Enquirer: 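My structure is below; once you've seen it, I'll send some questions.
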Amino acid sequence: MPVLALGGPGYVWLKTTLERKTTDLKAFKIADSGHFIAEEQPEETLNYIVNFLK
């Protein structure tokens, strides 16, 4: 199953953890964001989600 992971400061942990759980991972680090990525970088977050769902 394809999995989308968007991370801020915890990106490395998120990516490392999910790499062990799936073989179809798309992981991206969202720059200039903290814990609340969707609130802090809404346009970038939405772009990743839309492209993932295409």
Side-chain angles (χ1 to χ4, degrees):
M1 174 175 81
V3 174
L4 174 64
L6 302 175
Y11 170 77
V12 173
W13 175 86
L14 176 68
K15 184 175 185 272
T16 302
T17 300
L18 291 177
E19 284 175 331
R20 291 182 256 151
K21 304 287 184 183
T22 182
T23 58
D24 193 2
L25 176 63
K26 306 290 188 274
F28 302 97
K29 183 172 183 175
I30 307 294
D32 301 321
S33 68
H35 185 76
F36 301 103
I37 297 166
E39 291 178 10
E40 296 169 15
Q41 298 295 335
E43 288 182 32
E44 190 172 357
T45 302
L46 184 59
N47 286 336
Y48 279 116
I49 293 170
V50 168
N51 287 328
F52 179 76
L53 294 175
K54 284 185 179 180

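Computed over heavy atoms, backbone and side chain alike; hydrogens, waters and symmetry mates excluded. Source: prediction; values computed, not measured.
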Enquirer: For residues K54 and N51, determine if any side-chain heavy atom of one lies less than 4.5 Å from a side-chain heavy atom of the other.
Expert: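 When only atoms from C-beta onward are counted, N51 and K54 do touch, with a gap below 4.5 Å.
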Enquirer: Transitively linked via ILVMFWY side-chain contacts under 4.5 Å: V50 with L4?
Expert: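 Different hydrophobic clusters.
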Enquirer: Sequence neighbours left out, cut at 3.5 Å: what donor-acceptor pairs do the side chains of residues 20-30 make with other protein atoms?
Expert:
unit_1 : atom_1 : unit_2 : atom_2 : d
R20    : NE     : T16    : O      : 3.4
T22    : OG1    : M1     : O      : 3.3
T22    : OG1    : D24    : N      : 3.2
D24    : OD1    : K26    : NZ     : 3.0

Enquirer: Are L53 and I37 co-members of a hydrophobic cluster defined by side-chain heavy atoms under 4.5 Å apart?
Expert: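 Same hydrophobic cluster.
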Enquirer: With the 4.5 Å side-chain cut-off for hydrophobic clustering, are L6 and F52 part of the same group?
Expert: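 Linked, L6 and F52 end up in one cluster.
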Enquirer: For residues A5 and L14, report the shortest heavy-atom separation together with the two atoms involved.
Expert: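 Of all heavy-atom pairs spanning A5 and L14, the closest is CB-CD2, 3.8 Å.
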Enquirer: Holding to side-chain hydrogen bond (donor to acceptor under 3.5 Å, both in side chains), I want the full list of residues that pass it with E40, two or more places apart in sequence or in another chain.
Expert: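 Once residues adjacent in sequence are excluded, E40 has no partner under the side-chain hydrogen bond (donor to acceptor under 3.5 Å, both in side chains) criterion.
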Enquirer: If you measure from CD on Q41 to OH on Y48, what distance do you get to the nearest 0.5 Å?
Expert: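 So the gap between those two atoms works out to 10.5 Å.
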Enquirer: Can you measure from CD (E39) to OG (S33) and round to the nearest 0.5 angstrom?
Expert: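 Spacing of CD (E39) from OG (S33) equals 11.5 Å.
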Enquirer: To check you understand the geometry: which heavy-atom pair defines the closest contact between G34 and P9, and what is its length?
Expert: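 For G34 versus P9, the nearest heavy atoms are O-CD, 3.4 Å.
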